[in-house]
Amino acid sequence: MKIVIAGGHGQIARRLGRLLTARGDSVVGLIRNPAHSTDLLDDGVRPIVCDLEAASSDDVAAALSGADAVVFAAGAGPGSGAARKYTVDHQAAVLLAEAALRADVRRYVMVSTRGAGSPPPAHADDVWAAYVHAKTAADDHVMAQDLDWTILRPAALTDAPGTGAVRLTAERSVGQVTRDDVAEVLACLLATPATAGLVLELAQGPDPVAEAVAHAASNRTGEPRR
């Protein structure tokens, strides 16, 4: 497949890019900073400079030309304020969906977050609350489009080595999950078209990744919550 990853220099995105190229997929990474191009090339990923906070739908559609799938892995990141949660975590995801429709790329995999789909807890600070609202709005928009979408909501992320074992269900994710394992799950979702239309919560757990994804696909354990 040809797969385009938005936010291509992110921690999950780079892990995913390396996994996909290793299995023979052609991978493009959309990046904002041209200085990140060398890192992507080292991963076997073709960089395209495309700032999702400034680009038009036509610009992004051109970058998606010929793709079989897109992955939204962009994010404003730690230290950014509430305003950029809206412009990146929400608006950039909406832009990518619009561009995918223009480019006739039906498969859209969204890297969302724990807590999306529900109001943020009362004790959440303003930035976290903005992040949850932005992710919820982005998920809702993507689910309303004529796309073969999958929404993945990981638990708290860690940089520990991947375990290869997860819990993937429609229930709220609790605990933690490694970025390695998130990337492996994303790669498996991209190779499993029957996961389209599912909202899946991810945490560390007892099931090998391939089995967890196959079970979700066959049992429709992540039916959409809107």
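Here the structure is a predicted model, which means the values were calculated and not measured.
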>> Quick check against the 3.5 Å criterion: does Asp68 have a side-chain atom that pairs as donor or acceptor with the backbone of Lys2?
In response: yes

>> Please determine whether a side-chain nitrogen of the Lys or Arg among Asp148 and Arg107 lies less than 4.0 Å from a carboxylate oxygen of the Asp or Glu.
In response: no

>> Would the distance check show the side chain of Thr169 and the main-chain N or O of Glu171 forming a donor-acceptor pair, the cut-off being under 3.5 Å?
In response: yes

> If you look at every heavy atom in Ala103 and Ala61, which pair is closest and at what distance?
Replying inline: CB-O, 3.7 Å

> So, Asp25 side chain and Met1 main chain: donor-acceptor pair closer than 3.5 Å or not?
Replying inline: yes

> Val4 versus Leu96: any side-chain heavy-atom pair under 4.5 Å?
Replying inline: no

> Can you tell me how far the NE2 atom of His36 sits from the CG atom of Leu41, to the nearest 0.5 Å?
Replying inline: 13.0 Å

> Does a donor on one side chain sit under 3.5 Å from an acceptor on the other, for Asp139 and Thr136?
Replying inline: no

> Judged by atom type as modelled, is there a donor-acceptor pair below 3.5 Å linking the side chain of Lys135 to the main-chain atoms of Val111?
Replying inline: yes

> Which atom names give the shortest non-hydrogen contact between Val45 and Gly29, and what distance separates them?
Replying inline: CG1-N, 3.4 Å

> Can Arg46 and Ser26 be counted as having a side-chain donor-acceptor contact under 3.5 angstrom?
Replying inline: no

>> Once rounded to the nearest 0.5 Å, what's the spacing between atom CD1 of Ile151 and atom CE of Met143?
In response: 5.5 Å

> Strictly by modelled atom types, are Thr158 and Arg179 linked by a side-chain donor-acceptor pair under 3.5 Å?
Replying inline: no

> Has the side chain of Lys85 got a donor or acceptor atom that lies under 3.5 Å from a matching backbone atom of Gly75?
Replying inline: no

> Is the closest side-chain heavy-atom distance between Tyr108 and Leu101 below 4.5 Å?
Replying inline: no

> Which heavy-atom pair separates Ala92 from Val88 by the least distance, and what is that distance?
Replying inline: CB-O, 3.0 Å

> How far does NE2 of His90 sit from CG of Asp140, to the nearest 0.5 angstrom?
Replying inline: 8.5 Å

> Among the clusters formed by ILVMFWY side chains lying less than 4.5 Å apart, do Val166 and Ile12 turn up in the same one?
Replying inline: yes

> Do Val209 and Leu198 belong together in a cluster built from hydrophobic side chains that touch within less than 4.5 Å?
Replying inline: yes

> Would a distance-only check, ignoring hydrogens and angles, find a side-chain to backbone donor-acceptor pair under 3.5 Å from Arg167 to Pro206?
Replying inline: no

> Just by distance, with hydrogens left out, do Thr21 and Asp43 show a side-chain donor and acceptor under 3.5 Å apart?
Replying inline: no

> If you measure from SG on Cys50 to CZ on Arg32, what distance do you get to the nearest 0.5 Å?
Replying inline: 12.0 Å

> Just by distance, do the side chain of Thr113 and the backbone of Ala116 share a donor-acceptor pair under 3.5 Å?
Replying inline: no

> Would you say Val142 and Val70 are hydrophobically clustered, going by side-chain heavy atoms of ILVMFWY under 4.5 Å?
Replying inline: yes

>> Quick one, Glu201 and Arg172 - any side-chain contact, counting heavy atoms below 4.5 Å?
In response: yes

> Does Leu189 reach the side chain of Leu200, with side-chain heavy atoms less than 4.5 Å apart?
Replying inline: yes

> Roughly how far, to the nearest 0.5 Å, is the OG1 atom of Thr178 from the CG atom of Leu202?
Replying inline: 8.5 Å

>> Same cluster or not: Ile48 versus Val105, using hydrophobic residues (I, L, V, M, F, W, Y) connected whenever any side-chain heavy atoms lie under 4.5 Å apart?
In response: yes

> Is a side-chain N or O of Arg106 found less than 3.5 angstrom from the main chain of Ala69, in a donor-acceptor match?
Replying inline: no

> Do the side chains of Leu152 and Val185 get nearer than 4.5 Å, heavy atoms only?
Replying inline: yes

>> What I'd like to find out is whether the side chain of Ile5 reaches to under 4.5 Å of the side chain of Leu16, using heavy atoms alone.
In response: yes

> Would you say the side chain of Arg102 lies within less than 4.5 Å of the side chain of Asp58, judging by non-hydrogen atoms?
Replying inline: yes

> With a 4.0 Å cut-off, would you call Asp180 and Arg18 a salt bridge?
Replying inline: no

> Any idea which heavy atoms bring Ala55 and Val60 closest together, and the distance?
Replying inline: CB-CG2, 3.9 Å

> Would you say Ile3 and Val71 make side-chain contact, with heavy atoms under 4.5 Å?
Replying inline: yes

> Given Leu157 and Val182, is the side chain to side chain contact (heavy atoms under 4.5 Å, CB included) satisfied, shown in steps?
Replying inline: CA-CA 9 Å; Leu157 300 170; Val182 176; 3.7 Å; yes

> Would you call Arg84-Glu53 a salt bridge at under 4.0 Å N-O?
Replying inline: yes

> Which pair of non-hydrogen atoms, one from Leu40 and one from Gly8, has the smallest distance, and what is that distance?
Replying inline: CD1-O, 3.7 Å

> Which atoms form the tightest heavy-atom contact between Leu147 and Ala97, and what is the distance?
Replying inline: CD1-CB, 4.0 Å

> Are Tyr131 and Leu52 joined in one hydrophobic group, where the rule is that I, L, V, M, F, W and Y side chains link up if heavy atoms are under 4.5 Å apart?
Replying inline: no

>> Walk me through whether Ile31 and Asp39 qualify under side chain to side chain contact (heavy atoms under 4.5 Å, CB included).
In response: CA-CA 11 Å; Ile31 55 174; Asp39 289 339; over 6 Å; no

>> Determine whether Arg23 and Leu19 satisfy the following criterion, side chain to side chain contact (heavy atoms under 4.5 Å, CB included), listing intermediate values before the conclusion.
In response: CA-CA 7 Å; Arg23 77 181 186 192; Leu19 288 175; over 6 Å; no

>> Using modelled atom types and a 3.5 Å cut-off, is there a donor and acceptor pairing between side-chain atoms of Ser218 and backbone atoms of His215?
In response: yes

> Per the side chain to side chain donor-acceptor pair (under 3.5 Å) rule, which among Gln204, Arg15, Gln176 passes with Asp181?
Replying inline: Gln204

> For the side chain of Thr150 and the backbone of Thr195, is there at least one donor-acceptor N/O pair under 3.5 Å apart?
Replying inline: yes

>> Determine whether Trp149 and Val199 satisfy the following criterion, side chain to side chain contact (heavy atoms under 4.5 Å, CB included), listing intermediate values before the conclusion.
In response: CA-CA 9 Å; Trp149 52 263; Val199 180; 4.0 Å; yes

